[in-house]
S.K.: 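Sharing a structure here in structure tokens format.
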Number of protein chains: 2
Amino acid sequence: MIEPDGPVPIYLQLADILAERIERGEWQPNRAIPSETQLVQEFGIARNTVRKAISVLRERGLVFTVPQRGTFVSPQANA
Amino acid sequence: MIEPDGPVPIYLQLADILAERIERGEWQPNRAIPSETQLVQEFGIARNTVRKAISVLRERGLVFTVPQRGTFVSPQANA
DNA sequence: CTGTATTTGTTCGTATGTATT
DNA sequence: AAATACATACGAACAAATACA
């Protein structure tokens, strides 16, 4: 999945992978995406890198984060 | 390897050495070449000189550089 | 959050040799 | 001869982004 030594930063690779899942409707609007810990384990990368990827998705308007609750797919993310 | 007192500038000698490695397929497309620091150590020259050599390779279309990631062999460099 | 490591980007100063004025 | 300009080469320092624990 992730190419650690490629030209593209890991956090951007992950952001693109997650964005594709969202846009394909794999995760429904207003439903939580996997937790940071789950993503760390799935992709074998550092937690900070996962957080950076999620912040990119936030800036793209694909997700929104609720403190102490999780990160959720935006209502119109895959519309 | 490098002839410091020869007629050819050091940065051009290094550019030619690296170009040969790329064209021989020693480094694959989209894979990183050694970092500037590694090249400094391998050839015993100044970092600025290494950077000058790499900029020559960029102008020749052999490599592309991603800030904070490295310098990578161009996709068609050894095609 | 902190701290550390790596890598490229940038700038400054110094020195040398060559060419020009 | 003298001054200027340019290219080459080295060294050092710091910034910023990435990635890890």
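All figures in this text were calculated on a predicted structure; none of them were measured in a lab. Order of the sequence lines fixes the chain letters, A, B, ..., with proteins taken first and strands second; residue numbering starts at 1 for each chain. Keep in mind that the numbers below use all heavy atoms, side chains included, and drop hydrogens, waters and symmetry copies.
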S.K.: To the nearest 0.5 Å, what is the distance between CG (A:Asn30) and CZ (A:Phe64)?
M.R.: 5.0 Å
S.K.: Establish, with yes or no, whether the OP1 or OP2 oxygen of D:dA19 is under 4.0 angstrom from a side-chain nitrogen or oxygen of A:Lys52.
M.R.: no
S.K.: Give a yes/no on whether any side-chain N or O of B:Arg47 is located under 4.0 angstrom from OP1 or OP2 of C:dG9.
M.R.: no
S.K.: Within this structure, what is the CD-to-C1' distance between B:Glu36 and D:dC10, rounded to whole angstrom?
M.R.: 15 Å
S.K.: Find the distance B:Glu3:CD to D:dT8:P and express it as a whole number of Å.
M.R.: 17 Å
S.K.: Test your reading of the model: is there a side-chain donor-acceptor pair from A:Ser35 to the backbone of A:Gln38, 3.5 Å cut-off?
M.R.: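 Flag set: sc A:Ser35 to bb A:Gln38 pair under 3.5 Å.
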S.K.: Is there a path of hydrophobic side-chain contacts, each under 4.5 Å between heavy atoms, that joins B:Ile45 and B:Val56?
M.R.: no
S.K.: Using the closest heavy atom to pick a nucleotide of DNA chain C for each, name whichever of A:Arg51 or B:Arg51 lands nearer the 5' end.
M.R.: A:Arg51
S.K.: When you measure from the side chain of B:Arg69 to the backbone N and O of A:Gly6, does any donor-acceptor pair fall under 3.5 Å?
M.R.: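 Yes, because the side chain of B:Arg69 sits within donor-acceptor range (under 3.5 Å) of the backbone of A:Gly6.
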S.K.: Ignoring hydrogens and angles, does a donor from either the side chain of B:Gln68 or the base of C:dT8 sit under 3.5 Å from an acceptor on the other?
M.R.: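 Pair found.
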S.K.: Taking for each residue the nucleotide of DNA chain C bearing the nearest heavy atom, is the 5' side occupied by B:Asn48 or by B:Ile54?
M.R.: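 By nearest-heavy-atom nucleotide position, the 5'-most residue is B:Ile54.
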S.K.: Tell me whether the OP1 or OP2 atom of D:dA19 has a side-chain N or O from A:Tyr11 closer than 4.0 Å.
M.R.: no
S.K.: Starting from P on D:dT8, measure out to CG on B:Leu14 and report it in whole angstrom.
M.R.: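 My rounded result for the distance is 14 Å.
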S.K.: Rounded to whole angstrom units, what separation is found between the CD atom of B:Gln38 and the C1' atom of C:dT6?
M.R.: 10 Å
S.K.: Rounded to the Å, how far apart are B:Phe64 CZ and C:dG9 P?
M.R.: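 In whole Å, C:dG9 P and B:Phe64 CZ are 13 Å from each other.
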S.K.: Does D:dC10 have OP1 or OP2 under 4.0 Å away from a side-chain N or O of B:Thr49?
M.R.: yes
S.K.: Do side-chain atoms of B:Gln13 reach the backbone of B:Glu3 as a donor and acceptor pair under 3.5 angstrom?
M.R.: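 Checked: pair present.
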S.K.: Using the closest heavy atom to pick a nucleotide of DNA chain D for each, name whichever of B:Arg69 or B:Ile10 lands nearer the 5' end.
M.R.: B:Ile10
S.K.: Could you state the CD1-C1' distance from A:Ile2 to D:dA19, rounded to the nearest angstrom?
M.R.: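 Rounded to the whole Å, the gap is 13 Å.
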S.K.: Find the partner of D:dA1: check Watson-Crick (N1-N3 plus N6-O4 or O6-N4) and G-U wobble (N1-O2, O6-N3) distances, both under 3.5 Å, and reply none if neither fits.
M.R.: none
S.K.: Can you check the B:Leu39 CG to D:dA9 P distance for me, whole Å?
M.R.: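 One finds 16 Å between P of D:dA9 and CG of B:Leu39, rounded.
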S.K.: Examine C:dT7: is either OP1 or OP2 under 4.0 Å from a nitrogen or oxygen in the side chain of B:Ser35? Give yes or no.
M.R.: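 So the side-chain polar atoms of B:Ser35 do come within 4.0 Å of the phosphate oxygens OP1 or OP2 of C:dT7, strictly under.
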S.K.: With the side chain of B:Thr65 defined as its heavy atoms from C-beta on, choose the nearest nucleotide among C:dG9, C:dT7, D:dT18.
M.R.: C:dG9
